[in-house]
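In listed order, ligands and their atoms are each counted from 1. Residues take their numbers from the sequence shown, with the count starting at 1.
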Amino acid sequence: MAEERKLKVRARYVTKQYDLLVKKSDKVKALFNPFSNGLQSFWSLKGISFDVYEGETIGLIGVNGSGKSTLSNIISGIIPPTSGELEVNGETSIIAIGAGLRGQLTGRENIHLKSLMMGMTNSEIAQHMEDVINFADLGDFIDQPVKSYSSGMKSRLGFSIAAYDDPDILIIDEALSVGDETFYQKALDKMVEFREQGKTIFFVSHVMSQVEMFTDKTAWIQYGELKEFGPTAEVLAHYKEWNSWFKKLPKSEKGEYQAAQKELQKEFTVEQLRKNIENDPEHDYSATDAKILTASAISGDKMPATTLVLWTALTVLWFVVAYMTFH
Ligand SMILES: Nc1ncnc2c1ncn2[C@@H]1O[C@H](COP(=O)(O)OP(=O)(O)OP(=O)(O)O)[C@@H](O)[C@H]1O
């Protein structure tokens with residue numbers, strides 16, 4: 001009988017919606033304006049679905065701003081999705097340049113802090129500290145504040161801390177693109193070791209040769225959508241084709257194309273998400289629609305919930321004051 005593969009990450013229509021207004025005054029204005037559509041929003045992810053199994057190494061590729069880091073941060077639990085279903089079975093550890101490192105603390109103190117957060121005892125920390133320091137190989141810089149590190153040095157420290165965390169699911173977000181060749185080789189060997197142990201790895205990179213060499217499957221994210229998910233060789237071939245088509249466009253058309261895609265991410269609505277789910281033959285819409293579409297309360301398609309509450313409260317208050325005044 002074939003051994004059943006363990007599901008490590010299951011994503012169904014995962015979205016991330018950001019508010020586009022940055023000034024506090026704009027937020028306050030939107031809150032008090034009953035005719036406002038709410039804050040203008042941007043859908044960094046428009047509904048991503050995939051299954052990843054134990055021992056798989058997954059490449060995450062896509063042009064700048066396509067949503068790779070957003071997805072990585074959601075899988076690692078750093079930020080919540082706006083809507084959708086996400087099942088993550090196991091401990092995750094993310095390595096992104098400088099992510100999770102405290103700039104005012106030294107490298108050694110950062111390792112100590114992380115060890116304490118992992119619940120290690122003092123004697124465990126001593127051994128762990130030595131392993132991480134040896135792997136990071138930062139020399140005297142290990143006792144300097146991390147804010148004085150170059151991005152390559154931060155990546156070395158971040159990778160070493162995460163690698164010795166012994167996570168089930170390792171997410172590497174561009175962290176190896178800034179290091180030098182020696183460290184890159186060492187990190188790659190460590191990743192191969194992880195893979196052999198049956199751990200699951202997500203590998204975000206713009207370097208196609210790294211993705212090709214290291215991953216089994218690849219997810220191509222394009223302006224917030226999952227354009228393709230499958231065997232790395234196939235996906236990379238299609239991605240390269242798309243890239244050479246894009247590169248051949250005149251400069252003005254490139255700009256127009258990108259602006260149009262970004263506009264679609266601004267105009268995306270929960271209604272469109274619902275339609276996408278309804279039209280997905282592989283998705284049992286009726287069973288999960290409520291959970292998957294929780295974005296409806298914050299979508300900006302209608303008056304935001306906070307404004308609604310505020311206006312109801314003000315109306316009630318007005319009636320109370322009027323009643324007390326005229327009685
Ligand atoms: N906090 C935020 N508020 C508003 N928009 C955001 C926020 N974080 C990310 N975005 C937007 O979401 C989109 C996806 O960003 P993300 O960093 O996930 O892309 P990426 O594929 O990792 O890009 P890169 O290859 O350049 O690292 C971008 O358009 C970005 O501007």
- Message: Among residues at least two apart in sequence or on other chains, which ones pass salt bridge (Lys or Arg N to Asp or Glu O under 4.0 Å) with Glu193?
- Response: Lys190
- Note on the structure: With sequence neighbours left out, the residues meeting side chain to side chain contact (heavy atoms under 4.5 Å, CB included) with Thr92 are Ser76, Val88, Ile169, Ile171
- Can you name the residues that come within less than 4.0 Å of ligand 1, going by heavy atoms only? Tyr18, Phe42, Ser44, Val63, Asn64, Gly65, Ser66, Gly67, Lys68, Ser69, Thr70, His206, Lys262
- Could you check whether the rings of Tyr223 and Tyr257 sit parallel, tilted or perpendicular, using 30° and 60° as the cut-offs? perpendicular
- Could you walk me through whether Lys114 and Asp165 pass the salt bridge (Lys or Arg N to Asp or Glu O under 4.0 Å) check? CA-CA 9 Å; Lys114 193 72 204 287; Asp165 248 12; 2.9 Å; yes
- Hey, are the side chains of Ile111 and Ile142 touching, using non-hydrogen atoms and a 4.5 Å cut-off? yes
- If you look only at pairs with a residue in residues 57-82, which of them pass as a salt bridge (Lys or Arg N to Asp or Glu O under 4.0 Å), with sequence neighbours excluded? none
